[in-house]
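The chains referred to below are lettered A, B, ... by the order of the sequence lines, with proteins before strands, and numbering in each begins at 1.
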Amino acid sequence: MDFKSLPSQYDHAAAQQKWYQFWEERDYFHADPADPREPFVIVIPPPNVTGALHLGHALNNTLQDILIRWKRMSGFNTLWMPGTDHAGIATQAVVERRLLEEEKLSRHDLGRDGLVARIWKWKDQYETRILAQLKQLGCSCDWQRLRFTLDDQCARAVRETFFRLFQDGKIYRGKRLVNWDTFLQTAVSDDEVIRETVKGHFWHFKYPVIDARPGEPEFVTIATTRPETMLGDTAVAVHPDPAAAFDELSSKLREEMLTASEKERAALNEEADSLLARRAAVLPMLEKLRDMAQRGVKLELPLTGRTIPLIADEWAKPELGSGCVKITPAHDANDYEVWQRHSEIGAINILNPDGTLNDSAPEKYRGLKMLKARDAVVADLEAAGLLVEIENREIDLAHSDRSKMPIEPYLADQWFVKMDELAQSAMDAVTDGRVKITPERYAKTYLDWLGEKRDWPVGRQLWWGHRIPVWSKNFSNAAEKANVEEEAVQLAAAEIKDAGATLESNSCFYHYWDPETFAGTAFWCLQNDHANLAAIEKSGYKQEQDVLDTWFSSALWPHSTLGWPEPTPELKRFYPTSVLVTSRDIITLWVARMVLTGLYNMGEVPFREVYIHPKILDSYGETMSKSKGNGVDPLDVIEKFGADALRFGIAYLTTETQDVRLPVEFECPHCGALMNQTKQNRQLPRVKCDKCGEAFRTQWAEKPEDKALPRGAVVSERFELGRNFCNKLWNAARFSLINLEGYEPGPVAANDLTIEDRWLLSRLTTVTDQVTVAQGEYRFADAARGLYDFAWNEFCSFYLEMTKARFSVPEQRLAAQRVLAHALDALLRLLHPIVPFVTEEIWQLLAQVAPVRGIAKPQAAEESVCIAAWPEANRADQDAMIEEQFAVFQAVLGAVREVRSRQNISMKDELNFTVRCSDQAAKLLRPMQPYFTQMARATGTAFGPDAAAPDLSASMTLPGMEVHVDVSRFIDVKAEVARLSKERDQLAQFAKLIDGKLANKGFVDNAPAEVVQQQRDKLAEARGQLASVEAALGKIS
RNA sequence: GGGCGGCUAGCUCAGUUGGUUAGAGCGCUGUGUUCACACCGCAGAGGUCACUGGUUCGAGUCCAGUGUCGCCCACCA
């Protein structure tokens, strides 16, 4: 092949297509459990099938791929298990929203099966897209093992786990106040609730006291932001000891004052004063009310005809509102807690699932939406003369992250998983080091959350998910209860007969009832749909409507994907996995739960290490999201810059801090210019290019005239770094390939190695070491930066420049080629995990000219860099002497170049220079003579202590050296004087600084001798330099 | 309210256990294209390391506090 005809710009698009296919065809990504090599396993955090992947996914998966490719090259039996997550609420919400928008249909129009079928279609579409994206990114997953959290294999694992927990008594049914989304008609988790401060009102009402004694208040005033909930009130509370509560507040304030600053103290004082005033104003009344509560006084709940008790509970804060608080256990989390302490008050749910008031509300309000009911209640109370006042106030409004509708707290039946023992086991795994979290600080997040050991509500009122494998039936008296029990015994017997299995292993019965009435509910949990199912359904049991929390199936991911509960060879070989790579926001939701179920089901942690990577934010520090319009699609970046550029950029940015900020730009489809995205323009349907003035459309385009415009991709210039790097590498390779013409493999004897050869091999060893260590510690930025500097500044800027000349010298050419082929080979291996495509492209080209390479023992290179061996750092190649020689050379070269630039001397003009330096330095510099000519068009005419400066010279002083460039033909005296004066001032200042340091007795006495000596040397050095600068100055002026 | 993290060049970020005159990329300035690469080469300018105090011979680095931005958790009827 004629390498000269290769384009000077790397064509990433062609390479990506070609080589990904090549890898897949050869099955490099497939892991065989029979392979005896030590396994290295990662399970992918399964992306939600909600939509396409974003830049965060690109980050997450790039890092995993780097690790996997590196370990694959390092000789591990490598498995990267891919898959996607059904993401219950998120996916159902997206599909339902589209259904409504596009077809004006609700899920009830389609029915359960119809909706689920629709979601499966959606899933297929997006899964395909997600997998394509991962492949374009270069991810080397074992695609033959692709899983989905809702597929049959995962379903089996879910069912098995639920059954075991149920049998174990770790699953129970209870009441729980949930965040009810009235649009989706489902409970959403706390994590899916967004709170926002909005302007609202604070209504004060009074409830009449029944049979108040003389001297006692006839009304109790309460305040609320949600008046309609009063219809569900079951009590009003007052603090049991308001005086003590006030005392406590006061002493807390005093305590704060002790440590407060002047400024704060004023504020605190004011606070203390108002507290005292308040105490004086309300205390007598509150104490009276408290006494009344203890006496068992009842209040009339207006509008309802009900009476409710006045109770004493600490939840009522004497310093807030009226000092009394209405209690609505069914619709407020705190009130719910009060009910737990005072079970006698009961709870009344006044809401229907769709957010309208139900039959528990007075007839007048039934069927009204909450807000309508609010207006009606306020009006009616006002009419009854019970409205005291309306305050304006900022309130926290909760709404659903999924549907964007307001959230109503709502009391519902829920299935729970008992967390005490499970959580403890997961905590122990981290505290005793079986699971290591990096960076370490995140272990705290994990432990704190698990430490609360809050039971896990696992039911979701959705249709998309794993349906809870429990069948239930209600009974309402002792006779029915006895029937149910009798039935259970028979069913169990039938079970044993029909299926030949024991009761314990296949189905599990559980029931609870009210001890007074014997009314209750009976449940069967079935391990699978065995013969008992028909019998159970025949006796009137119905399967639960709810599905399991998505995290329930995600929690099993590391073992369910490997085949659990079957004892598959994969499970034996690949569990536990090696490392989990994920982002910090799901440490609790996902990581902790995987550890706990892994321990429960497998008796072993699911992974040895957890690496938490940063999050990607835009330049305002905001998280990227489609709804903000600042989301960057990895495919746009790949198209513009290439997958390798994206990957390199990501690795380069992945440091240990929490976040990565990325400036976000539109790319003009007309002129290709990048233009900053601002908070304003990122919301527009069309944007005009700053540069060419042409308009283009954004993701918001809806009108036909906007949609007709070409699309402006959203990208980030940050990826230019990676693109430029790949291009640099490409051109270095092109140069190498051109010069490898006529290459023949063969060993290179040590004394055939030139200075630059030995230097490069020495540096290569160091870099190999650095990169290997950095990747092992998840310091991806260090690895990328190390390789970038080495490839660009050492391999290209020095090695290639210096070795160039040898290719035209016949007797040197072959040795030079052999070293070059070897060096390029090593560089490609080191870079491959980060930039797989360009390295493969070059690897294949290199194979055409140099299929056998290596300088000690040439060997045939592997057919793909993907499976090539990871380089080992060869200590013998490290050569401090050579590196020193290079440092001196580079310093002098830099000085000569600077003089040339400063004096504005063209490269066409040759220069002479002398270096006054020690004999030792001279000895290092002399052999470099040809390189000065080659790289700076300059000839060193004298090196050593006696080297004299030419008559008219421009000088640079370096530590231990003076470089004098003969500029008799070119001198720009003014520039030189200016430059020297500046240098003199700097040196003088520096010398003064060190002088001061050394004059400090404390320093000389206390600092280690070597540090003091270092400073003394430095001072001498600086003074020497100063003298020579002054001499040069004197001479020139 | 509790916890975590950031604050270093115009921008985005490095900076190991305290010890040379604090670095990189982009951007900027000057300059250069027959001779791998203008997605390039060569050179340059640019920093009160957020602030205050402390420890130390010595602090970007350690400690305390302040400010500020962000994230997580718990929450004000």
Please compare A/Trp449 and A/Asp332 by the position of their nearest nucleotide in RNA chain B and report the one closer to 5'.
A/Trp449

In the strands shown, is B/G67 matched to any nucleotide by a Watson-Crick or G-U wobble pair with both distances under 3.5 Å, and which?
B/C7

Please work out if A/Cys726 contacts a base, only the sugar-phosphate, or nothing of the nucleic acid, heavy-atom cut-off 4.0 Å.
nothing

With heavy atoms under 4.0 Å as the rule, sort A/Arg723 into base, sugar-phosphate or nothing.
base

Using atom P of each nucleotide, how far apart are B/U20 and B/G58 to the nearest Å?
16 Å

Residue of the set A/Tyr788, A/Phe790, A/Phe795 for which ring-ring contact (aromatic ring centres under 6.0 Å, His included) holds with A/Trp792
A/Tyr788

Grab the N/O contacts between the protein and nucleotides 24-26 of chain B below 3.5 Å, and write none if there aren't any.
none

Which of A/Glu717, A/Glu720, A/Glu667 passes salt bridge (Lys or Arg N to Asp or Glu O under 4.0 Å) with A/Lys640? It is A/Glu667

Distance, rounded to the nearest Å, where A/Tyr10 contributes OH and B/A38 contributes P
17 Å

Would you mind classifying the nucleic acid contact of A/Lys326 as base, sugar-phosphate or nothing, using non-hydrogen atoms under 4.0 angstrom?
nothing

Which nucleotide, in any strand shown, forms a Watson-Crick or G-U wobble pair with B/U17, with both distances under 3.5 Å?
none

Could you check whether A/Lys992 gets within reach of a base, just the sugar-phosphate, or nothing at all, counting any heavy atom under 4.0 Å?
nothing

So A/Lys982, base contact, sugar-phosphate only, or nothing? Heavy-atom distance under 4.0 Å.
sugar-phosphate

If I pick the P atom on B/C37 and the same atom on B/A45, what distance separates them, to the nearest angstrom?
29 Å

A/Leu800 atom CG is separated from B/G41 atom P, nearest whole Å, by 12 Å

Measure OH/A/Tyr799 against C1'/B/A36 and give the value in whole Å, please.
15 Å

Salt-bridge contact A/Lys615-A/Asp585 (side-chain N to carboxylate O under 4.0 Å)
yes

Please classify the nucleic acid contact of A/Thr224 as base, sugar-phosphate, or nothing, using heavy-atom distances under 4.0 Å.
sugar-phosphate

Return the value, rounded to whole Å, for the distance between atom CZ of A/Arg661 and atom P of B/C7.
11 Å

Work out how far the C1' atom of B/C72 is from that of B/C26, and round it to whole angstrom.
32 Å

Complement of B/G44, any strand, by Watson-Crick or G-U distances under 3.5 angstrom
B/C28

Students often get this wrong, so: under 4.0 angstrom with heavy atoms, is A/Glu801 touching a base, only sugar-phosphate, or nothing?
base

Given that both distances must come in under 3.5 Å, which nucleotide forms a Watson-Crick or G-U wobble pair with B/G60?
none

Please tell me if A/Thr655 has a side-chain N or O lying less than 4.0 Å from either OP1 or OP2 of B/A14.
yes

Name the nucleic acid region contacted by A/Lys444, choosing base, sugar-phosphate or nothing; use a 4.0 angstrom heavy-atom cut-off, strictly under.
sugar-phosphate

Between atom CD1 in A/Ile587 and atom P in B/G5, what is the gap in whole Å?
12 Å

Distance to the ring centre below 6.0 angstrom and angle to the axis at most 45 degrees; does that hold for A/Lys804 and A/Phe735?
yes

Ignoring hydrogens and angles, tell me if any N or O in the side chain of A/Ser736 forms a donor-acceptor pair with the backbone of A/Ala732 under 3.5 Å.
yes

Lys NZ or Arg CZ of A/Arg584 over A/Tyr442 ring: under 6.0 Å, within 45°:
no

Give each protein N/O atom lying under 3.5 Å from an N/O atom of nucleotides 28-31 of chain B, with the pair distance.
none

In terms of the angle between their ring planes, are A/Tyr778 and A/Phe780 parallel, tilted or perpendicular, with boundaries placed at 30° and 60°?
tilted

Under 4.0 Å between a side-chain N or O of A/Lys615 and OP1 or OP2 of B/C71?
no

Side-chain donor/acceptor of A/Gln903 to backbone N/O of A/Ala954, under 3.5 Å:
no

